[in-house]
Amino acid sequence: MARYLLGRILWFGPTLVLISLVAFGMRQLAPGDPVEALNRSGRGELKVSPAAAERAYYEKARQLNLDLPWFYFSIQPWAYPDTLHRILRRNHRLAQVALLRQSGNWPALQQAQRALIQLRAALAGPSGGGPPSLRVEAQRAIQDLMLTMELPRFCRRAKGLAQQLSEYSAPVSTLARALDQASAALLTSPRRWQLYVPKVVWHGTNNQYHRWASGCWRGDFGVSYVDGRPVGVKLFAALRWTLCLNLAATLLAYALAIPLGVLAAVYQNRWPDRLISWVLFAAFALPSFWAAILLLTLFTDPHLGWNFLRVTGIGEYPVGASWWERLQLQFQQLIIPVFCLTYGALAYIARQMRGSMIQALQEDYVRTARAKGLPESMVRWKHAWRNALFPQITLLGSIFPALLTGSVLVESVFNLPGMGRLAVEAINQHDWPVVYAILLLAAMLTMIGLLFADLAYAWVDPRVRYQNPSSP
Amino acid sequence: MTALPVASRHWFWARLWRQRGSRWALRGLGLAIFLVVGADFIANDKPLACSLGGKRYFPVGQAYLVALGWSKWAPELALVDWSALNYDWVWYPPIPYSHTSIDHRNLSSVSPFGPQEISSWRFRHWLGTDRTGHDVLAALIHGTRTALLTSAWAMLVAGGLGVLLGALAGYFGDEGLRPPRLWWWCNAVALPFAWFYCWLSPLASSGWFWPWFGLVGVMGVANLLAWWGVRQGWGGGPQRIRIDHWIGRLIEVIDSIPGLLLLLSLAVLLAEPNIYTTMAFLGLISWTGIARLVRAEMLRIRQLPYIEAARALGYSHWRIIWYHALPNILPPLLIVLAFGMAGAILVEASLSVLGIGVAAEATTWGALLRQIATSQAAEWWLALFPGMAIFLAVLLFNYLGDAMSRALDR
């Protein structure tokens, strides 16, 4: 048993690593720029000059480890530089990769990009030269060039810009010439063969994934891209609500489902069983979010006159409310969401309970118990019920994840500040640190739930032994 | 075990049809399929048939031909508002609105029982209109198509993966698969190269499909090479693959990922949200239940005498799996797929309610619910009818699964 337990717990590691890799890989594909998002949210300071803004951008990106390579190694064409990750802005990086894929000549591309960056700085400076209107136009052309993805178009435009700037004073004109030469070299001396040769680059442990994963190991999940708060703090506040909701729903579901299942089994194929079975069957198919929407409408619409229950504004209390009033309010606010989460699980457990109770009532030992004249209630509750109860414990393993999923929608409908709503918000706002952390946490909870169910089953039923988990 | 595989399939269907109640489930399924196929003929703003200036038209049918490129609209009909034409005679579908048509006189949610600005009862919005003037009943009928097709698509993906992996794990077990060492090497070397050439090098074409196609091609070539090498006697010793073990681990990992959360975070990665892509993702994470079932059934079946006989006759593994074992798994597989359909319909509705992974203009049941879920309002018909449709669809597939499992048990 101890060996089995240890084996199960050891497998937590690879599972979590795999999930973290999936979550991390998703961010690389996600659109949007986290630094821009943070700056938009008002956390980044407003910089007047473009150079200062650029510096602030780099600083922020460095804080978020975005200047590091993504992973321990990368597989890439020979033509690509090892330092591609240093181009911090995602759309600039994508544009350069696109150009590189058409030419393969990295030194020339690097020179062109350097010339562009220096030109931008020179034009912005006081000694930029040229009339201001042309300067603005040139700046816009440079911005455009940095995002251009087609090689012929890039070269044509670079040539045009260089010609335009060649009459300017010293630093600008020399830079313009450099740009012209470099962009011409992109077309005239391509190194396409290098694009077909793969190369493995080893980055070592100083990479984004390693930093993030080791941070998670220490309990530091990073900061939210949306408001700059630590993810752990946000998550902990939300987790309280979700756990409260789900534990209440689980307990309630078990407490109601087991008597219902027994009742249906005892009256098998008679009207109480028919009625219970049909109601449970319907409840199982009833979408929880629909029930939530209907109940919310019912309890908030003043025309219907059912607004005696306060369902909205969860987590807010009137000033100076005593703990008793708070508890009352909280109870009022949570009763409907808990109901919405409960009935589906209830229906599922009760149906299973009915099945296993019917089976238990047909066993030999029940017949023996009846034959020796025990009262029917004794037979039911002492002999049949206990044996029928065991398998229901394993359901916990599948019910808890289902409840977590259900609470995503229910929390969204009721505006409950729990993990489900936090997840939906974070996903909508591309707040990846929060999304990763929630995925990991939910996976962790699910695995613990599954393990707990297995252990509880072995504990209550001494016949169950876990010897060799991998053999069929 | 005396029953032959073919006979066993027949008794299953016969029992299912004889069983009380399951006929109703099958009829319900028939109705749902009828709605999916005939949605355009039931709810459409174009007439089924009409006569315009002495010429006869069949606009609904013609729309299909136009979509296929086999026909063209007459120039005066290309961009016409069909409800504003002066017909000699006209035959509308039962519901003269489509899911895209906007009734400008009944914008912003008209109640089914309230006053409606319509020319005759024929144009009444029987279930009201939504906030942008779409007919709710037409949206529900076309939403049936989205719900069932996307769920079936997700189940197709999940079923394909689940049957393949479950059958491999169950049939071969931990001991059965012992390919030569050369096979290992060929695949291990080819995989990173295939990835490089199909995704990173300039050979990679755009789109999501062709790189995968290329991957399959490269791996196919590698396996052909390995096969040839083995024929030449360069195979090396057998190397055991504990396929059951590893597939079991994969199932455990996927089962411990919170599915809806992963699905939501995958869905926002799409540049253009599309319900079919999102539901394909659902298929990719929901095959585990099917794989578990197929594995367990395969473990049972592979010990039956007829499989032994087939092995003794020297049939190939694939032939035994595909023609001899899998047909016997069909009834339990259908049960899992029916429950899976119910789950997929729920997931599709949840995604539409949250508005993640679904195109903004897509017609789904959940999209109607979303209008009322995002703000508290008194438009009860926007909450009641779409929810009822979801409920009935889920109920139907659950009942179908239940009926099938009763037919199998008895």
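Order of the sequence lines sets the chain letters (A, B, ...), proteins ahead of strands, with each chain counted from 1. The shown structure was predicted, so the numbers you read here are calculated from the model rather than taken from an experiment.
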I'd like to verify something: which residue of Leu392(B), Ile345(B), Leu260(B), Ile254(B) has the highest number of heavy-atom pairs under 4.5 Å with chain A? Leu260(B)

Quick check: do Arg295(B) and Ile247(B) have side-chain heavy atoms less than 4.5 Å from each other? no

Leu294(A) versus chain B, the contacting section by heavy-atom distance below 4.5 Å: side chain

Using a 3.5 Å distance criterion without hydrogens, assess whether the side chain of Thr242(A) forms a donor-acceptor pair with backbone atoms of Leu239(A). no

Contacting region of Trp365(B) [heavy-atom separation from chain A under 4.5 Å]: neither

Under the 3.5 angstrom rule, does the side chain of Gln371(B) hit a backbone N or O of Arg131(B) as a donor-acceptor pair? yes

Is a donor from one side chain sitting under 3.5 angstrom from an acceptor on the other, for Asn415(A) and Arg421(A)? yes

Among Ala442(A), Pro77(A), Pro198(A), the residue with the most heavy-atom pairs under 4.5 Å to chain B is Pro198(A)

Give a yes or no on whether the backbone of Tyr225(A) and the side-chain of Asp431(A) come within a donor-acceptor separation of less than 3.5 Å. yes

Against chain B, label Leu18(A) side chain, backbone, both or neither, depending on which of its atoms sit under 4.5 Å from a heavy atom there. side chain

Check whether Tyr197(B) reaches the backbone of Gly214(B) with its side chain - one donor and one acceptor, N or O, closer than 3.5 Å. no

Could you give me the CA-CA distance, side-chain angles and deciding distance for Leu369(B) and Trp290(A), then say whether side chain to side chain contact (heavy atoms under 4.5 Å, CB included) is met? CA-CA 8 Å; Leu369(B) 270 179; Trp290(A) 186 42; 3.9 Å; yes

Contact origin within Ala23(A) toward chain B - heavy atom pairs under 4.5 Å: neither

Among the listed options Val408(A), Leu445(A), Leu16(A), Val435(A), the residue most often paired with chain B at heavy-atom distances under 4.5 Å: Val408(A)

Max heavy-atom pairs within cutoff under 4.5 Å with chain B, candidates Leu195(A), Val97(A), Leu450(A), goes to Leu195(A)

Greatest number of non-hydrogen atom pairs under 4.5 angstrom with chain B, of Ala423(A), Ala282(A), Ser412(A), falls to Ala282(A)

Heavy-atom cut-off 4.5 Å, strictly under: side chain, backbone, both or neither for Val200(A) against chain B? neither

Part of Asp402(B) lying under 4.5 Å from any heavy atom of chain A: side chain

Check whether any side-chain heavy atom of Thr144(B) sits under 4.5 Å from a side-chain heavy atom of Leu140(B), and report yes or no. no

Is Leu384(B) close to chain A through its backbone or its side chain, or both, or neither, when contacts mean heavy atoms under 4.5 Å? both

Donor-acceptor contact present, side-chain Arg191(A) to main-chain Gly104(A), <3.5 Å: no

Could you tell me how the ring of Tyr436(A) sits relative to the ring of Phe24(A): parallel (under 30°), tilted (30 to 60°) or perpendicular (over 60°)? tilted

Quick one: what part of Ala349(B) sits under 4.5 Å from any heavy atom of chain A, side chain, backbone, both or neither? both

With a 4.5 angstrom heavy-atom cut-off, which part of Phe391(B) approaches chain A: side chain, backbone, both or neither? both

At a heavy-atom separation under 4.5 Å, does Ala342(B) approach chain A through its side chain, its backbone, both, or neither? neither

Using non-hydrogen atoms only, which part of Ile19(A) is less than 4.5 Å away from chain B: side chain, backbone, both, or neither? side chain

Side chain from CB out, backbone as N, CA, C, O: work out which of these in Ile356(B) comes under 4.5 Å of a heavy atom of chain A, or both, or neither. side chain

I'd like to know if the side chain of Ser352(B) reaches the main chain of Gly355(B), judged simply by a donor and an acceptor atom lying under 3.5 Å from each other, with no hydrogens or angles considered. no

Which of residues 284-291 of chain B get closer than 4.5 angstrom to chain A, counting heavy atoms alone? none

Using non-hydrogen atoms and a 4.5 Å limit, figure out which bit of Gln102(A) sits close to chain B: side chain, backbone, both or neither. neither

Okay, Phe397(B) and chain A: the region with an atom under 4.5 Å from a heavy atom over there is neither

State whether the side chain of Ser103(A) and the backbone N or O of Leu99(A) hold a donor-acceptor pair below 3.5 Å, judged by distance alone. no

With only heavy atoms counted, which part of Tyr196(A) is less than 4.5 Å from chain B, the side chain, the backbone, both or neither? both

Are the charged groups of Arg249(B) and Asp244(B) less than 4.0 angstrom apart, N to O? no

Do Asp130(B) and Arg370(B) pass the salt bridge (Lys or Arg N to Asp or Glu O under 4.0 Å) test, and can you show the C-alpha distance, the side-chain angles, and the key distance before you say yes or no? CA-CA 11 Å; Asp130(B) 74 354; Arg370(B) 179 175 164 72; over 6 Å; no

Evaluate the side-chain proximity of Leu21(A) to Phe71(A): yes if any heavy-atom separation is below 4.5 Å, no if none is. yes

For the residue pair Thr15(A) and Glu252(B), confirm or rule out a side-chain donor-acceptor distance under 3.5 Å. no

With a 4.5 angstrom heavy-atom cut-off, is it the side chain or the backbone of Trp199(B) that approaches chain A, or both, or neither? backbone

